[in-house]
Amino acid sequence: MNSINKKLFVALDFSDLKHTLEFVEIVKNYVGGLKLGLEFFTKNGIAGVEKIKKYGLPIFLDLKFNDIPNTVNRAASNVLSLNPEYLTIHINGGRRMIEGIASIKKRTKIIGVTMLTSLDNRDLVDLCIDEESSEYVKKLSLLGQKSGLDGVVSSVSELKVLKQAMPENFIFVTPGINFKMQNKDQKRTSNPGEAIKSGSSILIIGRTITMSSDPLKVLMEINQEITKNNVSSN
């Protein structure tokens, strides 16, 4: 596996455990990590994550916790025992919620969700938030960083602003990465080359790979695009 691949995590948005394991067998030597979200976790739980961990790849556990601090702390402690490399929470759960998880984590990096890529400025108006998405994401990210987060999830469009505001070792995770297909339920999207050029630490790519008839070919093409942009993976 080359160094660029370490930034590429495939989103295993499947419910069926057997199908998930079969897919991991196909891609395991071509990706830097595996993202497991609510679809997988609500069907297979901790036992399912443990089966995926046997492949030895970094696990990005995307559960997006968001509740009162005590509830989130108890829920997080149940999955932190799995020692995933990354665990997501919603920053809009507030400072106390974030500080609580930051105080009980061990090796796991806690990553804050800023604004879902399915939302845009019009959705912020519906939510009575009178700010542009870039400014809203920046304020959430600053709150998260000051409260103990190791990184944030944001679209590529906010990365330039965030990198100027955050410490050098802060982690930037970018979902909504498309490659030769369009995710209709995501609005703030980008392609792999743009994400790396903008400074993404981890690229989350799902259906572009998982819905392909030839996922390995797509993975190779993604890596070619990254290389074409002559961007260092360090």
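What you see below is based on every heavy atom in this structure, not just the backbone, and it leaves out hydrogens, waters and symmetry mates. In this chain, residues are counted from 1 in sequence order.
- When the shell of 6.0 Å around CG of Asp126 is examined, it contains more than 12 heavy atoms from other residues, nucleotides or ligands.
- Test Ile89, Leu149, Thr108 against Ile101 for side-chain contact (heavy atoms from CB on, under 4.5 Å) and you get one pass: Ile89.
- Closest approach of Asp62 and Lys35 over heavy atoms only: OD2-NZ, 3.2 Å.
- Going from atom CE of Met115 over to atom CD1 of Ile129 covers 7.5 Å, rounded to the nearest 0.5 Å.
- Formation of a donor-acceptor pair under 3.5 Å by the Lys7 side chain with backbone atoms of Ile196 is not found in this model.
- Hydrophobic cluster membership differs between Val161 and Leu142, with clusters built from Ile, Leu, Val, Met, Phe, Trp and Tyr side chains linked at under 4.5 angstrom.
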Full working for side-chain contact (heavy atoms from CB on, under 4.5 Å) between Leu17 and Lys43: CA-CA 8 Å; Leu17 179 59; Lys43 177 71 172 179; over 6 Å; no

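- Using a 30° and 60° split on the angle between ring planes, Phe170 and Phe172 fall in the perpendicular class, above 60°.
- Closest of all the heavy-atom pairs between Leu82 and Glu50 is CD2-CG, 3.5 Å.
- Ile68 and Ile110 fall into different hydrophobic clusters, defined by Ile, Leu, Val, Met, Phe, Trp and Tyr side-chain heavy atoms under 4.5 Å apart, directly or through other members.
- Side chains of Lys217 and Glu221 form a contact here, defined as non-hydrogen atoms less than 4.5 Å apart.
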Show the numbers, then the answer: is there a side-chain contact (heavy atoms from CB on, under 4.5 Å) between Arg95 and Leu143? CA-CA 7 Å; Arg95 184 185 302 274; Leu143 170 64; 3.5 Å; yes

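- Taking 4.5 Å as the limit, every side-chain heavy atom of Asp13 sits out of range of all side-chain heavy atoms of Arg207.
- Between Asn223 and Tyr30, the closest side-chain pair of non-hydrogen atoms is not below 4.5 Å.
- Note on Glu22 versus Lys18: salt bridge recorded, some NZ/NE/NH1/NH2 to OD/OE distance being below 4.0 Å.
- In this structure, CD1 in Ile26 is found 11.5 Å from CG in Leu21, a value given to the nearest 0.5 Å.
- A pairwise comparison of heavy atoms in Ser134 and Glu158 identifies CA-CG, 3.8 Å as the closest pair.
- Side-chain atoms of Ser15 do not come within 3.5 Å of backbone N or O of Phe40 as any donor-acceptor pair.
- Taking the side chain as every heavy atom from C-beta outward, Pro175 and Val153 approach each other to under 4.5 Å.
- Contact of the Ser200 side chain with the Leu159 side chain is registered, since non-hydrogen atoms from C-beta on lie closer than 4.5 Å.
- Hydrophobic clustering of Ile, Leu, Val, Met, Phe, Trp and Tyr side chains at less than 4.5 Å, counting indirect connections, unites Leu57 with Leu216.
- Cluster annotation: Leu38 is connected to Ile205 through the hydrophobic network of ILVMFWY side chains, with a link wherever side-chain heavy atoms come within less than 4.5 Å.
- A chain of hydrophobic side-chain contacts below 4.5 Å, direct or via other Ile, Leu, Val, Met, Phe, Trp or Tyr residues, connects Ile222 to Met220.
- With rounding to the nearest 0.5 Å, the separation of CD1 in Ile111 from OG in Ser201 is 8.5 Å.
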